[in-house]
Number of protein chains: 2
Amino acid sequence: MTPQRELVMETLAANPGHHATADEVWQVVQARYTAINRSTVYRILELLTRHGLVTQSRLGSSVVHYELAHDHAHHHLVCVRCRRVVQLPAADVSTLRKRIFERHGFRLGAGDLTLEGLCVDCAAADGGRRV
Amino acid sequence: MTPQRELVMETLAANPGHHATADEVWQVVQARYTAINRSTVYRILELLTRHGLVTQSRLGSSVVHYELAHDHAHHHLVCVRCRRVVQLPAADVSTLRKRIFERHGFRLGAGDLTLEGLCVDCAAADGGRRV
DNA sequence: ATGCATGCAAATTATTTGCATTTTC
DNA sequence: GAAAATGCAAATAATTTGCATGCAT
C-alpha cells in the first residue's frame with residue numbers, strides 16, 4: 001500500500017456516483033501530493049479495476065471514466081445535450097436482458113451499459129420533440 | 001462530388017452491416033486511389049455522418065466505427081470475448097425505452113446503443129457461466 | 001474565377017510502456 | 001534485500017487542424 005494508491009482511492013470515494021477521468025483524479029491527488037505522475041494514476045486505476053474495486057465506463061466520448069465499484073450494479077443514461085449522467089438500476093434492464101438472450105442467445109454482461117438520450121430538463125427545453 | 005467521396009461511399013456500401021473504422025476505409029480506398037489521405041477520409045466520414053448518410057458507433061473500444069445509415073434503426077450487441085457484433089432491432093428496446101421514460105423522464109435517443117456481453121458461441125465455450 | 005475539397009505535416013488527446021530509481025514489506 | 005511501485009520521458013493510437021495547393025462548378 002502506497003500513499004499514491006490511498007489518495008486515488010480517497011479521491012474516488014470522496015464523490016460517490018461521480019464519474020471521474022484519469023486526468024481529473026490526477027489533478028485532485030496532485031493538490032495533496034505534488035510529485036504524483038499521470039502514468040501512476042493510470043496504473044493504479046487499471047489495478048483497482050482489475051481487482052473489481054473500480055469500474056470503468058465509456059460515456060460516449062473517447063475518454064474513460066472511473067468510479068468506485070458499487071454493491072448494486074447500475075448502468076448509465078447520458079444526456080447528449082448536457083452530458084449529465086443518470087444512473088439506471090440494473091433491475092430496469094432485466095426484461096431486456098431476458099429478451100435478448102431468448103432472441104439472440106446473447107448474454108448481456110453485468111458490465112456497464114451506456115445509453116444516450118435526452119434528460120428531463122433538456123427534453124423540456126426542447127419542447128420534447130427530437131432527440 | 002469528388003472521386004474520394006464516391007470511393008468512401010462505395011467502400012461502406014460494399015459491406016452492408018459491417019462496422020469499419022476510418023483507417024480500414026482508408027486502406028480499402030487506397031488500393032484504388034493511392035493518393036488519398038487519412039485526414040480526407042476522416043473529413044468525408046464526418047461530413048456523411050453530419051448529413052445522416054452514415055452512422056457512428058463506439059463499440060466499446062476507443063475507435064469509432066462507421067456504417068451506412070439504415071432505414072431500420074438498430075443497436076449493437078458486442079461480444080466482449082470475440083468482439084463479434086450482432087445487430088439488435090430497435091423494437092426490442094422499446095419496452096426499456098418506455099420504462100426509462102416513465103421512471104427517469106429520460107428520453108432514450110434513436111442513436112446507437114452498444115451493449116456488451118457474451119455471444120452464443122463464446123457463452124457455450126465458457127460453459128455458460130460467467131460474463 | 002471562386003470557393004470548397006484535398007494533401008501534407010504537425011498538433012492534440014488519451015493512454016501505454018521501457019527503464020532507472022525509489023519504496024514497501 | 002528482493003520484489004513491486006513510481007517517476008520520467010518517450011512511444012502509440014486515433015483523430016483533428018492549419019495552411020498551401022488543386023479541382024469542381
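Reminder, nothing fancy here: chain letters follow the sequence lines and each chain counts from 1.
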Practice task
May I ask you to evaluate whether B/Thr2 reaches the phosphate of C/dT6, defined as a side-chain N or O under 4.0 Å from OP1 or OP2?
Solution key: yes
Problem - Distance below 4.0 Å between B/Arg38 side-chain N/O and D/dT15 OP1 or OP2 - result: no
Exercise for the section: Figure out the CZ/P separation between B/Arg5 and C/dG7, and round it to whole Å. Expected result: 11 Å
Handout entry: Considering all heavy atoms, the nearest A/Val54-A/Tyr66 contact
Key = CG1-CD2, 3.9 Å
Exercise for the section: Determine, stepwise, if the pair A/His104 / B/Asp92 fulfils side-chain contact (heavy atoms from CB on, under 4.5 Å). Expected result: CA-CA 11 Å; A/His104 303 276; B/Asp92 286 0; 3.5 Å; yes
Problem - Under 3.5 Å side-chain donor-acceptor pair for A/Arg99 and B/Thr95 - result: yes
Fill in the blank from the handout: Stems for DNA chain C (at least 3 consecutive Watson-Crick or G-U pairs, under 3.5 Å) come to C:1-10 with D:16-25, C:12-14 with D:12-14, C:16-25 with D:1-10
Fill in the blank from the handout: Within residues 26-34 of chain B, those residues having any heavy atom closer than 4.0 Å to DNA chain D are none
Practice task
Determine whether the side chains of B/Ser39 and B/Asn37 contain a donor N or O and an acceptor N or O closer than 3.5 Å.
Solution key: yes
Problem - Aromatic centroids of B/His76 and B/His19 separated by under 6.0 Å - result: yes
Problem - B/Val63 side-chain proximity, nearest of C/dA5, C/dG7, D/dA14 - result: D/dA14
Handout entry: 5' priority, DNA chain D, between B/Arg43 and B/Pro3 [closest heavy atom]
Key = B/Arg43
Exercise for the section: Check for a donor-acceptor pair, side chain of A/His75 on one end and backbone N or O of A/Leu113 on the other, with a separation under 3.5 Å. Expected result: yes
Practice task
Quickly work out the B/His51 NE2 to C/dC4 P distance and round it to whole Å.
Solution key: 13 Å
Fill in the blank from the handout: Rounded to whole Å, the CD-P distance (A/Glu46 to C/dT17) equals 9 Å
Exercise for the section: Calculate the interatomic distance between A/Leu59 atom CG and C/dA14 atom P; express it in whole Å. Expected result: 14 Å
Practice task
Taking only the side-chain nitrogens and oxygens of B/Tyr42, find out if one of them lies under 4.0 Å from OP1 or OP2 of D/dT16.
Solution key: no
Practice task
Write down the distance between CD (B/Glu6) and P (D/dC23), rounded to a whole number of angstrom.
Solution key: 16 Å
Handout entry: Distance-minimising heavy-atom pair for A/Leu45 and A/Thr49
Key = O-OG1, 2.7 Å
Handout entry: Side-chain N,O (A/Gln4) to OP1/OP2 (C/dT23) below 4.0 Å
Key = no
Fill in the blank from the handout: Whole-Å distance, B/Asn37 CG to D/dT16 P, equals 14 Å
Fill in the blank from the handout: Heavy-atom nearest pair, B/Leu7 first then B/Tyr33, reads CD1-CB, 3.6 Å
Fill in the blank from the handout: Among the nucleotides C/dA14, D/dT6, C/dT6, whichever has the atom closest to the side chain of A/Thr40 is D/dT6
Handout entry: Separation of atom CG in B/Leu45 from atom C1' in C/dA5, rounded to whole Å
Key = 15 Å
Exercise for the section: Please tell me which of B/Met1 and B/Ser62 maps to the more 5' nucleotide of DNA chain D, matching each residue to the nucleotide holding its nearest heavy atom. Expected result: B/Ser62
Practice task
Measure from CG on B/Leu47 to C1' on C/dA5 and round the result to the nearest Å.
Solution key: 10 Å
Exercise for the section: Could you tell me whether the side chain of B/Trp26 and the main chain of B/Tyr42 form a donor-acceptor pair under 3.5 Å? Expected result: no
Practice task
Looking at every strand, decide which applies to B/Ser39 at a 4.0 Å heavy-atom threshold: base, sugar-phosphate, or nothing.
Solution key: base
Practice task
Using a strict 4.0 Å threshold on nitrogen-to-oxygen distance, state whether B/Arg32 and B/Glu6 make a salt bridge.
Solution key: no
